Amino acid sequence: MKTDPRTFILQNTDIAAPPHVPEIRLHLASEAHDLWLKTEEDLEEIGLPPPFWAFAWAGGQGLARYILDHPDVVAGKTVLDFASGSGLVAIAAQLSGAADVLAADIDPWAASAIALNAAENGVVIRSTADDQIGEVVGADVILAGDVFYDRDFAAALIPWFTRLADEGKLVLIGDPGRSYLPKDRLESLAVYQVPVTRALEDSEVKKTTVWRFV
């Protein structure tokens with residue numbers, strides 16, 4: 001890495017509560033930060049992949065809200081938060097009494113963001129940058145916020161999630177209507193109106209559903 005992730009995150013974010021999950025505080029970028037304005041070329045120059053960890057996406061906010069409102073879903077259980085980003089959903093699971101939480105994200109910067117955000121909320125979250133898709137998962141519960149935005153990514157996820165669900169694991173998806181959501185495989189559990197940033201989305205509020213993969 002050309003830049004120290006922890007130092008960069010502290011210098012380019014502020015601590016704020018996502019609007020739909022005010023119980024949790026994260027290091028987030030806003031329009032006030034240079035990070036918001038950087039182009040892909042700027043990010044590449046400093047060795048930074050697209051900073052998904054710097055924003056509270058609608059799917060993650062909805063899924064975190066559901067976990068906090070229904071702690072029995074994760075209490076005493078082992079949890080994998082897939083494509084964790086900021087660690088928002090993982091933190092919600094830990095605050096809701098999960099026995100163990102692993103936050104997985106292939107972005108090497110995410111681990112630093114997750115560690116900082118976990119510390120801000122008084123919890124400890126294990127993290128990994130290993131690609132989990134297709135792997136055997138020991139966790140009881142798999143959480144995934146905002147993962148069906150890309151055709152090829154979705155095509156890889158669907159058979160994996162299907163296998164995990166067939167094994168008896170609980171697979172929960174938070175999604176604000178992304179293009180490649182396999183609705184024929186899903187059971188709706190809750191619907192939220194989640195405030196988001198217009199610069200990231202096409203509206204200021206996204207209808208976000210928490211689904212169970214079946």
Side-chain angles (χ1 to χ4, degrees), residues 21 24 49 52-53 57-115 117-118 121 123-176 178 180-190 208-214:
V21 197
I24 294 176
F52 296 118
W53 48 261
W57 300 89
Q61 288 196 59
L63 189 51
R65 178 78 271 148
Y66 183 81
I67 295 300
L68 291 173
D69 290 347
H70 303 85
D72 56 298
V73 170
V74 298
K77 299 175 182 175
T78 54
V79 174
L80 170 66
D81 179 28
F82 174 74
S84 186
S86 67
L88 169 59
V89 177
I91 292 166
Q94 196 74 71
L95 291 174
S96 296
D100 180 72
V101 180
L102 176 63
D105 200 301
I106 60 172
D107 181 349
W109 285 64
S112 296
I114 291 164
N117 290 331
N121 291 278
V123 297
V124 176
I125 304 289
R126 296 189 302 118
S127 66
T128 180
D130 293 342
D131 188 354
Q132 302 295 305
I133 298 176
E135 295 297 315
V136 173
V137 174
D140 304 310
V141 181
I142 295 88
L143 306 174
D146 254 319
V147 294
F148 287 105
Y149 56 86
D150 175 83
R151 184 192 301 274
D152 292 340
F153 195 37
L157 289 179
I158 291 169
W160 183 48
F161 285 164
T162 299
R163 174 166 61 81
L164 295 175
D166 287 345
E167 291 171 358
K169 299 181 185 300
L170 178 61
V171 181
L172 298 184
I173 310 295
D175 189 273
R178 300 300 183 204
Y180 303 104
L181 184 72
K183 288 187 178 180
D184 59 322
R185 309 286 185 104
L186 303 174
E187 172 193 352
S188 175
L189 300 179
T208 299
T209 304
V210 174
W211 305 90
R212 178 178 180 173
F213 203 95
V214 295

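All residue numbers refer to positions in the sequence shown, counting from 1. These figures come from a predicted structure and were not determined experimentally.
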For Asp100, salt bridge (Lys or Arg N to Asp or Glu O under 4.0 Å) partners two or more places apart: Arg126
With heavy-atom distances below 4.5 Å as the criterion, would you say the side chains of Ile173 and Val171 are in contact? yes
Quick one: does Leu157's side chain get under 4.5 Å of Ile133's, heavy atoms only? yes
Within the 4.5 Å heavy-atom criterion, are Val137 and Phe82 side-chain neighbours or not? no
May I ask you to decide if Asp107's main-chain N or O and Trp53's side chain share a donor-acceptor pair within less than 3.5 Å? no
Describe, in one word, how the ring planes of Phe161 and Phe213 are oriented to each other, choosing from parallel (under 30°), tilted (30 to 60°) and perpendicular (over 60°). perpendicular
Considering non-hydrogen atoms only, spot the tightest contact between Ala93 and Val79 and give its length. CB-CG1, 4.2 Å
Note: Ala64 and Val89 closest approach over all heavy atoms is N-CG2, 4.2 Å
Would you say the side chain of Ser96 lies within less than 4.5 Å of the side chain of Gln94, judging by non-hydrogen atoms? no
Side chains of Ile24 and Leu68 in contact at under 4.5 Å (non-hydrogen atoms): yes
Per the salt bridge (charged side-chain N to carboxylate O under 4.0 Å, His left out) rule, what does the pair list look like for residues 134-144, sequence neighbours excluded? none
Return each pair, listed once, that meets side chain to side chain donor-acceptor pair (under 3.5 Å) where at least one residue sits in residues 167-176; pairs must be two or more places apart or across chains. Arg163-Glu167
On a heavy-atom basis, which atom in Gln132 and which in Trp160 lie closest, and how many Å separate them? O-CZ2, 3.1 Å
Val101 versus Ala90, closest heavy-atom pair with distance: CG1-CB, 3.6 Å
